[in-house]
Amino acid sequence: MNTDDLYKRLQQENIHYINQKLFFTPGAIVHYENITAIVVDKEQIKNSTHENTVIIQEFGHYLANSYYKSNDPYEIINDMEQSADIAAWNEFFPYNEIKQLINSGISTATEIANHFNVNSDYIARCLDYYYDISDGFKK
């Protein structure tokens with residue numbers, strides 16, 4: 001996945017991209033009335049792979065309409081994060097494409113992450129989710 005393609009997707013969806021100093025996280029999504037922005041702290045971003053991962057994960061919040069306040073209870077935050085991840089995985093790493101990669105011999109989280117140009121820990125969580133819902137990639 002090319003970072004420029006993600007920027008274009010943000011533009012198409014009318015999501016603003018803002019580079020701003022953040023604390024505790026390299027990225028966040030802000031939604032207020034009709035304005036949505038993904039805020040990224042470029043000082044915390046290591047490379048394009050990391051930036052892609054942050055944008056995709058935050059974009060998942062937009063796709064799932066899963067926004068929360070930082071002082072919400074942990075359970076709500078956890079549920080919203082899970083919803084955002086699932087929406088992002090379905091959009092950017094569809095199950096059928098992942099299964100096709102695995103069937104073609106690209107099977108480790110690192111190899112699949114390299115294919116999509118995202119962090120392997122993010123893809124590992126995606127693979128775990130798909131494994132659980134597909135009975136071990138059998139469906």
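The structure presented is a predicted model; accordingly, all values stated were derived computationally and were not measured.
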*Asks:* Can you confirm whether the side chains of Y7 and E51 place a donor and an acceptor under 3.5 Å from each other?
*Replies:*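 Yes, E51 and Y7 have a side-chain donor paired with an acceptor closer than 3.5 Å.
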*Asks:* Quick check on the 6.0 Å ring-centre criterion: do F92 and F59 meet it?
*Replies:*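 Between F59 and F92, which both carry aromatic rings, the centre distance is below 6.0 Å.
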*Asks:* Going by side-chain heavy atoms closer than 4.5 Å, which hydrophobic residues are tied to Y32, directly or by a chain of links?
*Replies:*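 Joined to Y32, directly or through intermediates: none.
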*Asks:* Just verifying a value: how many Å separate E43 CD and L22 CG, rounded to the nearest 0.5 Å?
*Replies:*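 The CG atom of L22 is 10.0 Å from CD of E43, to the nearest 0.5 Å.
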*Asks:* Rounded at 0.5 Å granularity, tell me how far CG in D4 sits from CG in N52.
*Replies:*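 Here the interatomic distance stands at 9.5 Å.
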*Asks:* Can you tell me if CG on N71 sees more than 12 non-hydrogen neighbours from other groups inside 6.0 Å?
*Replies:*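 More than 12 heavy atoms, drawn from other residues, nucleotides or ligands, come within 6.0 Å of this atom.
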*Asks:* For the side chain of E97 and the backbone of P94, is there at least one donor-acceptor N/O pair under 3.5 Å apart?
*Replies:*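 No; zero donor-acceptor contacts below 3.5 Å.
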*Asks:* Would you find a donor on one side and an acceptor on the other, under 3.5 Å apart, between the side chain of S66 and the backbone of S83?
*Replies:*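 No, S66 side chain to S83 backbone: no donor-acceptor pair under 3.5 Å.
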*Asks:* If we only count heavy atoms from C-beta on, is the E81 to H61 side-chain gap below 4.5 Å?
*Replies:*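 Result yes, sub-4.5 Å side-chain heavy-atom pair found.
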*Asks:* Taking the ring of Y95 and the ring of F137, is the distance between their centroids below 6.0 Å?
*Replies:*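 Yes.
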*Asks:* Would you find more than 12 non-hydrogen atoms of other residues, nucleotides or ligands less than 6.0 Å from K21 atom NZ?
*Replies:*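 Atom NZ in K21 is crowded, with more than 12 foreign heavy atoms closer than 6.0 Å.
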*Asks:* Taking N90 for the side chain and A87 for the main chain, is one N or O donor matched with an acceptor at less than 3.5 Å?
*Replies:*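 Pair absent, no side-chain N/O of N90 close to backbone of A87.
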*Asks:* Run I55 and Y17 through side chain to side chain contact (heavy atoms under 4.5 Å, CB included) and show every step you take.
*Replies:* CA-CA 9 Å; I55 292 171; Y17 179 94; 3.9 Å; yes
*Asks:* Verify the cluster assignment for I86 and I123: are they in a single hydrophobic cluster under the rule of side-chain heavy atoms below 4.5 Å apart?
*Replies:*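 Yes, I86 and I123 fall within the same hydrophobic cluster.
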*Asks:* Of the non-hydrogen atoms in I18 and A37, which two are nearest, and what is the gap between them?
*Replies:*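 Closest approach of I18 to A37: CD1-CB, 3.7 Å.
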*Asks:* Under the 3.5 angstrom rule, does the side chain of E58 hit a backbone N or O of V54 as a donor-acceptor pair?
*Replies:*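 The answer is no, because no donor-acceptor pair under 3.5 Å joins these two groups.
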*Asks:* Is there a donor-acceptor contact under 3.5 Å from the side chain of E91 to the main chain of L63?
*Replies:*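 No.
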*Asks:* For the residue pair Y129 and D85, establish whether any side-chain heavy-atom pair is separated by less than 4.5 Å.
*Replies:*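 No, side chains not in contact.
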*Asks:* Counting C-beta onward and ignoring hydrogens, is there a side-chain heavy-atom pair between I38 and Y62 closer than 4.5 Å?
*Replies:*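 I38 does not reach Y62 side chain to side chain.
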*Asks:* T49 pairs by side chain to side chain donor-acceptor pair (under 3.5 Å) with which of N114, N117, T3?
*Replies:*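 Considering N114, N117, T3, a side chain to side chain donor-acceptor pair (under 3.5 Å) with T49 is found only for N117.
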*Asks:* Kindly give the cluster partners of Y68, where membership spreads through any ILVMFWY side chain lying under 4.5 Å from a current member.
*Replies:*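 Via sub-4.5 Å side-chain contacts, Y68 links to I76, I77, M80.
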*Asks:* Could you tell me whether the side chain of I98 reaches within less than 4.5 Å of the side chain of W89, counting heavy atoms only?
*Replies:*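 Side-chain contact under 4.5 Å: no.
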*Asks:* What's the spacing between H16 NE2 and Q11 CD if we round to 0.5 Å?
*Replies:*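 Spacing of NE2 (H16) from CD (Q11) equals 10.5 Å.
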*Asks:* Compare all side-chain heavy atoms of T25 with those of D41 and state whether any distance is below 4.5 angstrom.
*Replies:*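 No, too far: nothing below the 4.5 Å cut-off.
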*Asks:* First locate atom NE2 of H115, then atom CD1 of I112, and finally report the distance between them rounded to the nearest 0.5 Å.
*Replies:*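 Between H115 NE2 and I112 CD1, I get 9.0 Å after rounding to 0.5 Å.
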*Asks:* Do I15 and V40 belong together in a cluster built from hydrophobic side chains that touch within less than 4.5 Å?
*Replies:*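 In one cluster: yes.
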*Asks:* For the NE2 atom of H50 and the NZ atom of K42, what is their distance to the nearest 0.5 Å?
*Replies:*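 Separation between the atoms: 11.5 Å.
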*Asks:* For L101 and F116, run side chain to side chain contact (heavy atoms under 4.5 Å, CB included): C-alpha distance rounded to whole Å, both residues' side-chain angles, the deciding distance at 0.1 Å, then the answer.
*Replies:* CA-CA 11 Å; L101 289 172; F116 289 109; 3.7 Å; yes
*Asks:* Determine whether more than 12 heavy atoms belonging to other residues, nucleotides or ligands lie under 6.0 Å from atom CD of E111.
*Replies:*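 Buried by this count: over 12 neighbours within 6.0 Å.
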*Asks:* Indicate the atoms forming the closest heavy-atom contact of P26 with Q44, along with that distance.
*Replies:*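 Nearest pair, atom of P26 first, then Q44: N-OE1, 3.5 Å.
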*Asks:* Can you check whether I56 reaches F93 side chain to side chain, under 4.5 Å on heavy atoms?
*Replies:*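 Yes. Closest side-chain heavy atoms under 4.5 Å.
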*Asks:* Looking at CG of N2 and CG of L6, how far apart are the two atoms once the value is rounded to the nearest 0.5 Å?
*Replies:*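 With rounding to 0.5 Å, CG (N2) is 7.5 Å from CG (L6).
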*Asks:* Please confirm whether the backbone N or O of A124 pairs with a side-chain atom of D128, one donor and one acceptor, at under 3.5 Å?
*Replies:*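 Not confirmed, D128 side chain does not pair with A124 backbone.
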